[in-house]
Amino acid sequence: MESYDVIIVGTGAGGGTLARHLAPSGKKILLLERGSWLPREPENWSTDAVFVDNRYVSPDTWYDGDGRAFQPGVHYFVGGATKLYGAALYRLRKEDFGELRHHDGISPAWPISYDELEPYYTLAEERYQVHGARGEDPTEPPASAPYPHPAVSHEPRIQQLSDDLEAAGHHPFHAPCGIMLDESSPPYSTCVRCSQCDGFPCLVHAKSDAEVLGVRPALEHANVTLLTDATVTSLATNGGGTAVTHVVVERDGSEEQYAGDVVVVACGAANTAKLLLLSASDAHPNGLANGSDQVGRNYMFHDSTAVLALSREENVTAYQKTLGLNDFYFGSDDFEFPLGNVQMVGKSQAAMFRGERPRETRLAPEWTLERMARHAIDFWLSTEDLPSPENRVTLDRDGNIVLTYAETNAEAKKQLYARVKSILGKLDMNPDHLIHRFAYMKNDIPVAGCAHQAGTCRFGADPASSVLDVSCKAHELDNLYVVDTSVFPSIGAVNPALTAMANSLRVGDHLLARMA
Ligand SMILES: Cc1cc2nc3c(=O)[nH]c(=O)nc-3n(C[C@H](O)[C@H](O)[C@H](O)COP(=O)(O)OP(=O)(O)OC[C@H]3O[C@@H](n4cnc5c(N)ncnc54)[C@H](O)[C@@H]3O)c2cc1C
Ligand code: SF4
């Protein structure tokens, strides 16, 4: 059996980032990815292919708590979900690392402070070439360095929205964007600033995803090997169950095994829990590292609402994701609990509506889909959902994922929507036509929209209430680590990828010290 210093399972935000960080060490590293390279083809930028035909949604069947099958919005490729993500690369707020009281209960503290993660946020912003502007967002946490690249400029309609919001007393800011756009030198810019970014793969590899800026740079080192189409089906341990000895892989219809001194799991929150639960043994009868019965629990994915506002004038914006608003992040004058983050989502197009629920059109019967799309300004509202032990991943008898989820913090979500509606009503919009949209949720079952999945293997100081210790090593094993969003004890209300990347770099430094 071939043996490695480190085996990393999964190549997304967590795994891809770690691979690049460890690669220069010269250690023998194996990357195992169940998906293939995402093909570079004209369909990358086809709205019909991506939003109607679901070309890049991986065929997988999960079940909800009532046993109903659904297709989750997952993407099994080198680079994981970041191949399709919107690359809004936010830091959690400093306060998110402490305990926060919400309308529905407590968002628990992380076992590390913001200050401990801050240097790694800075490094992650550098590695993922984040564009932004410090000092505009009043909730912004302290940072030890400026953004490595200037903020992406607003196009005229979004600049007008920003000006209108400011005039109304709000604090809109330039959103942190992971796109390789050089506005000072367009002929040399990798990014061409197009409308096919959020939810699409980038045909010209200008999106800061984990394939382009994690896996590919890692593979420049001869000590790193990547196996694609390699699904890890279980982790095997020594007799005492104190260390993982090897990983079992299904590839090309046959089974392979690889030994690793250190094994790092980064399959995404649901699949990481699945892999640990599938790896039950005599020493770990409830699943690997699951003596606490915490594996799979505390699943979160944000209370998100995609909202489409119809502007009186046409909105010809191409790249719309440049503006954010955190004025309600921690509450408002008349609501003492946190409400969440408001940002822009990719500009809607008529074909996207056809891939979604036709119900919306009834709300604006005199508007054709094309006219709606031309006038639409698209917002994404995120409220924090709270970790609940009953919101969890389990497996059915055949080893399929069962995702049981009951909404938390619904009142805060409702209140955030009401505030956005009230603001927009005072701006140059058609207030009666502010309608919900399900850009990432074409399925009737809400849990299918699992883009921001997190929790399931949280890290903490207490082995009774967490799966991983502060270094994200399993409490019960000497050499098993997890570095994806499953480690999150709480999810905050901003997008999760940069935090997963930063934490992966933090754990990476721990591993480099361990292996030195
Ligand atoms: C459409 C969309 C838009 C998004 N927009 C944003 C955004 O703007 N900003 C943001 O911060 N976040 C965004 N996200 C979320 C972000 O992409 C995820 O939070 C992030 O990628 C999670 O990283 P991860 O390492 O936990 O998992 P992933 O990135 O999903 O990586 C997991 C990897 O593990 C592989 N894998 C799974 N099981 C196995 C197995 N058994 N064996 C081998 N390999 C396995 C998968 O194929 C995948 O490559 C978006 C997501 C989607 C889908
Ligand atoms: S906006 Fe830039 S990064 Fe995004 S898909 Fe277009 S070219 Fe790629």
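In this text the structure is predicted, and so the values were computed from the model without any measurement. Counting starts at 1 for both ligands and their atoms, in listed order.
Nearest non-hydrogen protein atom to atom 4 (Fe) of ligand 2 is Cys197 SG, 2.4 Å. Of the protein's non-hydrogen atoms, the one nearest atom 7 (S) of ligand 2 is Val192 N, 3.4 Å. Nearest non-hydrogen protein atom to atom 8 (Fe) of ligand 2 is Cys202 SG, 2.3 Å. Cys194 N, 3.4 Å is the protein heavy atom nearest to atom 1 (S) of ligand 2.
Counting heavy atoms under 4.0 Å from ligand 1, residue Ala87 touches it through the backbone alone. With a 4.0 Å heavy-atom cut-off, ligand 2 is reached by the side chain of Trp45 but not by its N, CA, C or O. Contacts between Val9 and ligand 1 below 4.0 angstrom, taking non-hydrogen atoms only, involve the side chain exclusively. Of the heavy atoms in Met180, none comes closer than 4.0 Å to ligand 2.
Under 3.5 Å, the side chains of Asn315 and Gln320 contain a donor-acceptor pair of N or O atoms. Between the side chains of Asp385 and Asn409, not a single donor N or O lies within less than 3.5 Å of an accepting N or O.
Not one N or O of Gly35 is nearer than 3.5 Å to an N or O of ligand 1, by distance alone. Where the criterion is an N or O separation shorter than 3.5 Å, residue side chain and backbone included, Arg34 meets it with respect to ligand 1. In terms of polar-atom proximity, Ala269 is not counted as a contact of ligand 1, lacking any N or O under 3.5 Å from an N or O of the ligand. Where the criterion is an N or O separation shorter than 3.5 Å, residue side chain and backbone included, Leu275 fails it with respect to ligand 1. Considering backbone and side-chain atoms alike, Ala497 places an N or O below 3.5 Å from some N or O of ligand 1. Polar contact check, Gly86 against ligand 1: a nitrogen or oxygen pair lies under 3.5 Å apart. At a 3.5 angstrom cut-off on N or O pairs, Gly14 counts as close to ligand 1.
Between Asp198 and Lys207 no salt bridge is recorded (no basic side-chain N to carboxylate O distance below 4.0 Å). A salt bridge between Glu125 and Arg134 is present, with a side-chain N of the basic residue lying under 4.0 Å from a carboxylate O of the acidic one.
Residue Ala230 approaches ligand 1 through these ligand atoms, each under 4.0 Å from one of its heavy atoms: 42 (N), 43 (C). Near Ile179, meaning under 4.0 Å from one of its heavy atoms, ligand 2 places the atoms 3 (S). Below 4.0 Å from some heavy atom of Thr485 lie the following atoms of ligand 1, by number and element: 19 (O), 22 (C), 26 (O). Within the listing of ligand 1, atoms 26 (O), 27 (O), 32 (C) sit less than 4.0 angstrom from a heavy atom of Gly268. For ligand 2 and Gln196, the ligand atoms under 4.0 Å from any heavy atom of the residue are 5 (S).
Two rings, from Phe200 and Phe51, have their centers less than 6.0 Å apart. Between His75 and Tyr85, the distance separating the two ring centers is not shorter than 6.0 angstrom.
Among Cys197, Ala88, Ala500, the residue whose heavy atom sits closest to atom 8 (O) of ligand 1 is Ala88. The nearest non-hydrogen atom to atom 32 (C) of ligand 1, considering only Gly10, Ala266, Gly80, comes from Ala266. The heavy atom nearest to atom 13 (C) of ligand 1, out of those in Met501, Lys83, His452, is found in His452.
Partner of Ser153 under the side chain to side chain donor-acceptor pair (under 3.5 Å) criterion, chosen from His174, Arg193, Gln159: Arg193. The side chain to side chain donor-acceptor pair (under 3.5 Å) test with Tyr76 singles out one residue from Asn271, Thr231, Thr11, Asp229, and that residue is Asn271.
Look at Cys191 and atom 8 (Fe) of ligand 2: no N/O/S atom of the residue is under 2.8 Å from the metal.
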**Request:** For side chain to side chain contact (heavy atoms under 4.5 Å, CB included), just list the numbers for Val264 and Val262, CA-CA rounded to whole Å, side-chain angles, deciding distance to a tenth of an Å, and then say yes or no.
**Result:** CA-CA 7 Å; Val264 186; Val262 168; 4.0 Å; yes
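Side-chain atoms of Leu288 and Val244, non-hydrogen and from C-beta on, do get closer than 4.5 Å to each other. Using a 4.5 Å heavy-atom cutoff, the side chains of Met501 and Tyr121 are not in contact.
The closest donor-acceptor contact from the side chain of Ser189 to the backbone of Cys191 lies under 3.5 Å.
Residue Gly16 places no heavy atom under 4.0 Å from ligand 1. In this structure, Leu32 has a heavy atom closer than 4.0 Å to ligand 1.
Of all the heavy atoms in Lys321 and Gly86, the pair that sits closest is CE-O, 3.4 Å. Considering every non-hydrogen atom in both His302 and Gly492, the closest pair reads NE2-O, 3.0 Å.
Ring-plane geometry between Phe459 and Trp110 is classed as perpendicular, the angle between the planes exceeding 60 degrees on a 0 to 90 degree scale with a lower cut at 30.
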